[in-house]
Amino acid sequence: MWDANNQPPRFSVVIPTFNRVDLLKETIASIKKQAYQRYEVIVVDDGSTDGTLAWLAKNEPGISVVRQNRKGPGAARNAGARIASGAYLAFLDSDDLWLPWTLQAYDRIISEVGNPAFVAGRQHLFENSRSDCLDILNEQGIEMQCFRDYFSSSDAWRWWGASSFVVQKEVFLRVGGFSELNVYAEDADLALRLGVEKGFVQVLNPVTFAYRRHGSNSMNNLKRIIQGAWLLIRSERQGAYPGGRARLRQRLEIITRHIRPTVFACLNSGDRNAAIHLYKASLWWNLRLLRVRYLFAFPLLLALSFLRRKRI
């Protein structure tokens, strides 16, 4: 744990976990390889029953541990943030990994840009049992895109899950942290609430985290993905996101970019009712954005899904 000259760490690494003790071991090992050392680690155990707490107590006495009953990843990250002492919160899920240069890269970027509110790291995807494949990755020179704020980056995808998020702690707490509803898209919801905070950086190089693809990934649970889509829709309708009418188009670009793939995922799974309701709920937003291909593709694909059902 960082304690040189009694200075607080610059980064608080917050790891939510639930019944992933074997994967958590790899995640923590990847943090220990950091070239940059001004950090603390906070693990929030979200009601695990697999011996996570016992393993942490025996093997990782320097890590701060928070225990809570099962509430979901958003609530777990918030619990970690509340006890963090770093100026920046660096979130890392317990099935993902860092590279040895990750925090060093974040530190350089934050210093060069001038303390941006929100930094989004670059991902590398790998399969469940293939963490050795990360050996092919090399540290590269820093490349980044800098924006006035997150909404200014609305023309494209800019991040890949909460493991790409590095956020000023003060800003994180001010906007309310992650949604504590146990649904997905809590990361998208937070990004939208960070929308007008000063300074957003997308890291283009180097890779800063490795996203592990496996059967229990959150993105494999369509029901909760749908619930997350509705979280974004309701929050926008209720005025929960900043920027007012002046930033409406940018918000809608970001929100509909999450909704459209969810609509098609519903169709592909055979859940036509969910697809129709999400399509209708975001119809005027997509019309405003002139998403013509999407607007015409959905009714066609919906009709084809009914035809396929009749033939079965």
Kindly compute the distance separating [atom1] ([X]) from [atom2] ([Y]), expressed to the nearest 0.5 Å.
X: Asp22; Y: Ser94; atom1: CG; atom2: OG; answer: 11.0 Å
X: Phe264; Y: Leu278; atom1: CZ; atom2: CG; answer: 12.0 Å
X: Ser163; Y: Gln123; atom1: OG; atom2: CD; answer: 10.5 Å
X: Thr262; Y: Tyr184; atom1: OG1; atom2: OH; answer: 13.0 Å
X: His277; Y: Ser282; atom1: NE2; atom2: OG; answer: 12.5 Å
X: Trp160; Y: His124; atom1: CH2; atom2: NE2; answer: 11.5 Å

Practice task
Before giving the answer on side-chain contact (heavy atoms from CB on, under 4.5 Å), spell out for Asn19 and Val21 the whole-Å C-alpha distance, their side-chain angles and the decisive distance to 0.1 Å.
Solution key: CA-CA 6 Å; Asn19 284 347; Val21 65; over 6 Å; no

Exercise for the section: Go through the steps to decide whether Arg260 and Asn286 satisfy the test side-chain contact (heavy atoms from CB on, under 4.5 Å), and finish with yes or no. Expected result: CA-CA 9 Å; Arg260 289 193 295 271; Asn286 283 292; 3.0 Å; yes

Smallest separation among heavy atoms of [X] and [Y], with atom names:
X: Pro242; Y: Phe151; result: O-CE1, 3.2 Å
X: Asp187; Y: Ala162; result: OD2-N, 3.6 Å
X: Ile15; Y: Asp93; result: CG2-C, 4.3 Å

Handout entry: Residue pair Ser152 / Gln250, side-chain donor-acceptor N/O under 3.5 Å
Key = no

Handout entry: Side-chain H-bond candidate by donor/acceptor type, Glu186 with Ser179, under 3.5 Å
Key = no

Problem - Aromatic ring proximity Trp157/His258, centre distance under 6.0 Å - result: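 When the ring centroids of Trp157 and His258 are compared, they turn out to be within the sub-6.0 Å range.
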
Exercise for the section: Could you check Phe165, Phe178, Phe209 and say which one makes a ring pair (Phe, Tyr, Trp, His ring centres under 6.0 Å) with Phe91? Expected result: Phe178

Counting only N and O atoms by type, is there a donor-acceptor contact under 3.5 Å from the side chain of [X] to the main-chain atoms of [Y]?
X: Arg193; Y: Gly177; answer: yes
X: Gln202; Y: Trp159; answer: no
X: Arg257; Y: Ser154; answer: yes
X: Gln34; Y: Ser30; answer: yes
X: Arg122; Y: Pro206; answer: no

Using the test side chain to side chain donor-acceptor pair (under 3.5 Å), find all partners of [X] that sit at least two apart in sequence or belong to another chain.
X: Asp50; value: Thr52
X: Glu143; value: Asn205
X: Glu180; value: Asn78
X: Glu170; value: none

Problem - Of all pairs that satisfy ring pair (Phe, Tyr, Trp, His ring centres under 6.0 Å), the ones with a partner from residues 7-34, not counting sequence neighbours - result: Phe11-Tyr36

Going by an N to O cut-off under 4.0 Å, is there a salt bridge joining [X] and [Y]?
X: Arg247; Y: Asp149; result: yes
X: Arg212; Y: Asp95; result: no
X: Arg70; Y: Asp46; result: yes

Practice task
Classify the ring geometry between Tyr150 and Phe118 as parallel (under 30°), tilted (30 to 60°) or perpendicular (over 60°).
Solution key: tilted

Problem - Shared hydrophobic cluster, Val263 / Ile276 (ILVMFWY, side-chain heavy atoms < 4.5 Å) - result: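 They do share one cluster, since a chain of ILVMFWY contacts under 4.5 Å joins Val263 to Ile276.
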
Fill in the blank from the handout: Across all chains, not counting sequence neighbours, the salt bridge (charged side-chain N to carboxylate O under 4.0 Å, His left out) partners of Arg249 are Glu253

Practice task
State, with a plain yes or no, whether a side-chain heavy atom of Phe200 is found less than 4.5 Å away from one of Val119.
Solution key: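 Counting from C-beta outward, Phe200 and Val119 never come under 4.5 Å.
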
Exercise for the section: Would you mind reporting whether Thr208 and Val166 have side-chain heavy atoms less than 4.5 Å apart? Expected result: no

Problem - Six-ring centre of Tyr241, Arg251 cation under 6.0 angstrom, axis tolerance 45° - result: no

Exercise for the section: Check the pair Leu248 / Arg288 against side-chain contact (heavy atoms from CB on, under 4.5 Å), numbers first and verdict last. Expected result: CA-CA 11 Å; Leu248 175 62; Arg288 183 187 181 100; 3.8 Å; yes

